[in-house]
Amino acid sequence: QCGVAYLRDCGLLGPKTSLAHCTWFGDEDISICAETGTSVCHNASSNLRLRNGIAPVARMLELGVNVGIGMDSFSLNSDDDILQEMRLVENIHHMPRGGVAYEYCPSSADVFRMATLGGARASTFDKEIGALLVGRQADAVLIDYEALETGYPYFVNDFPHGGGRYIVESQGYVATIVGGQPIIENGKHTGK
């Protein structure tokens with residue numbers, strides 16, 4: 001019996017459970033997560049840095065598993081930059097699988113969803129965070145679109161659903177808002 005089946009049989013899986021890494025998951029494990037509503041937290045940088053492998057995220061999404069993006073404090077550059085992590089997730093999962101170059105791989109929209117709604121659901125705070133909706137916490141990062149357009153004109157036609165949104169470096173962030181209050185404006189902490 002696989003470990004995930006054992007966890008299911010013990011009643012430990014479900015919408016309030018999130019499993020991290022999952023680099024060695026096979027179809028049985030993935031199917032059980034999908035059936036039980038168990039989320040997976042994908043820590044791409046950490047998995048690469050620790051040499052754990054690459055989680056089969058494309059297959060997880062195909063079979064209906066909620067996947068969130070995490071960083072596990074072991075990101076490749078030790079900077080915990082979520083946009084860089086999103087770029088990594090999109091790039092490593094565009095590799096051919098099973099020798100077939102055109103099998104399904106996560107789109108930019110899938111990666112954005114994993115970083116927002118998927119992460120919120122995996123943390124069980126999906127009624128409070130993950131989307132800019134009335135009644136939810138107003139957490140957001142504002143990015144200078146003009147600077148992005150000037151520095152990287154090749155992605156603009158595909159924005160915001162193209163990989164271009166992940167190429168922003170720290171100097172492209174205009175503000176960070178937490179709970180509706182700006183905590184970083186123009187690269188400086190507001191003291192709030």
Nearest heavy-atom neighbours spanning [X] and [Y]:
{"X": "Asn66", "Y": "Ser39", "value": "ND2-OG, 2.8 Å"}
{"X": "Gly130", "Y": "Ala120", "value": "CA-CB, 3.7 Å"}
{"X": "Phe25", "Y": "Cys33", "value": "CE2-SG, 3.7 Å"}
{"X": "Ile92", "Y": "Ile54", "value": "CD1-CG2, 3.9 Å"}
{"X": "Trp24", "Y": "Asn52", "value": "NE1-O, 3.2 Å"}
{"X": "Pro106", "Y": "Ala58", "value": "CD-CB, 3.9 Å"}

About how many Å separate [atom2] of [Y] and [atom1] of [X], when rounded to the nearest 0.5 Å?
{"X": "Asp72", "Y": "His21", "atom1": "CG", "atom2": "NE2", "value": "4.0 Å"}
{"X": "Asn43", "Y": "Leu50", "atom1": "CG", "atom2": "CG", "value": "9.5 Å"}
{"X": "Gln181", "Y": "Asp139", "atom1": "CD", "atom2": "CG", "value": "11.0 Å"}
{"X": "Met86", "Y": "Thr116", "atom1": "CE", "atom2": "OG1", "value": "7.0 Å"}
{"X": "Ile32", "Y": "Arg8", "atom1": "CD1", "atom2": "CZ", "value": "4.0 Å"}
{"X": "Arg51", "Y": "Thr23", "atom1": "CZ", "atom2": "OG1", "value": "13.5 Å"}

Mind checking whether [X] and [Y] sit in one hydrophobic cluster, side chains of I, L, V, M, F, W, Y counted as touching below 4.5 Å?
{"X": "Ile69", "Y": "Leu117", "result": "no"}
{"X": "Val174", "Y": "Ile184", "result": "no"}
{"X": "Phe112", "Y": "Phe125", "result": "no"}

Contact between [X] and [Y] at the side-chain level, heavy atoms closer than 4.5 Å - yes or no?
{"X": "Cys22", "Y": "Asp29", "result": "no"}
{"X": "Ile183", "Y": "Ile177", "result": "no"}
{"X": "Val40", "Y": "Thr38", "result": "no"}
{"X": "Met71", "Y": "Ile82", "result": "yes"}

Between Glu62 and Arg59, does any side-chain N to carboxylate O distance fall below 4.0 Å?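 So Glu62 pairs with Arg59 through a salt bridge.
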- Output yes when a side-chain donor or acceptor of Asp110 lies under 3.5 Å from a complementary backbone atom of Ser107, and no otherwise.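 Yes, Asp110 side chain to Ser107 backbone: donor-acceptor pair under 3.5 Å.
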- request: Say whether, by atom type as modelled, one donor and one acceptor occur between the side chain of Asn91 and the main chain of Leu88 under 3.5 angstrom.
  value: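 Such a contact is absent between Asn91 side chain and Leu88 backbone.
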task: Using side-chain contact (heavy atoms from CB on, under 4.5 Å) as the criterion, point out the one residue from Val67, Ile129, Asp126 that pairs with Arg121.
output: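 The passing option is Asp126.
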Point to revise | side-chain contact (heavy atoms from CB on, under 4.5 Å) between Val111 and Arg87, intermediate numbers included | key: CA-CA 8 Å; Val111 173; Arg87 182 169 53 241; over 6 Å; no
Go through it in stages, so that I can follow the logic: the residues are Tyr6 and Cys10, the test is side-chain contact (heavy atoms from CB on, under 4.5 Å), and I'd like the CA-CA distance, side-chain angles, deciding distance and then a yes or no. CA-CA 6 Å; Tyr6 180 75; Cys10 290; 3.6 Å; yes
**Request:** Test side chain to side chain donor-acceptor pair (under 3.5 Å) on Ser45 and Glu85 and set out the steps.
**Result:** CA-CA 7 Å; Ser45 279; Glu85 191 74 12; 2.5 Å; yes
Determine whether His93 and His42 satisfy the following criterion, side-chain contact (heavy atoms from CB on, under 4.5 Å), listing intermediate values before the conclusion. CA-CA 12 Å; His93 294 294; His42 179 39; 2.9 Å; yes
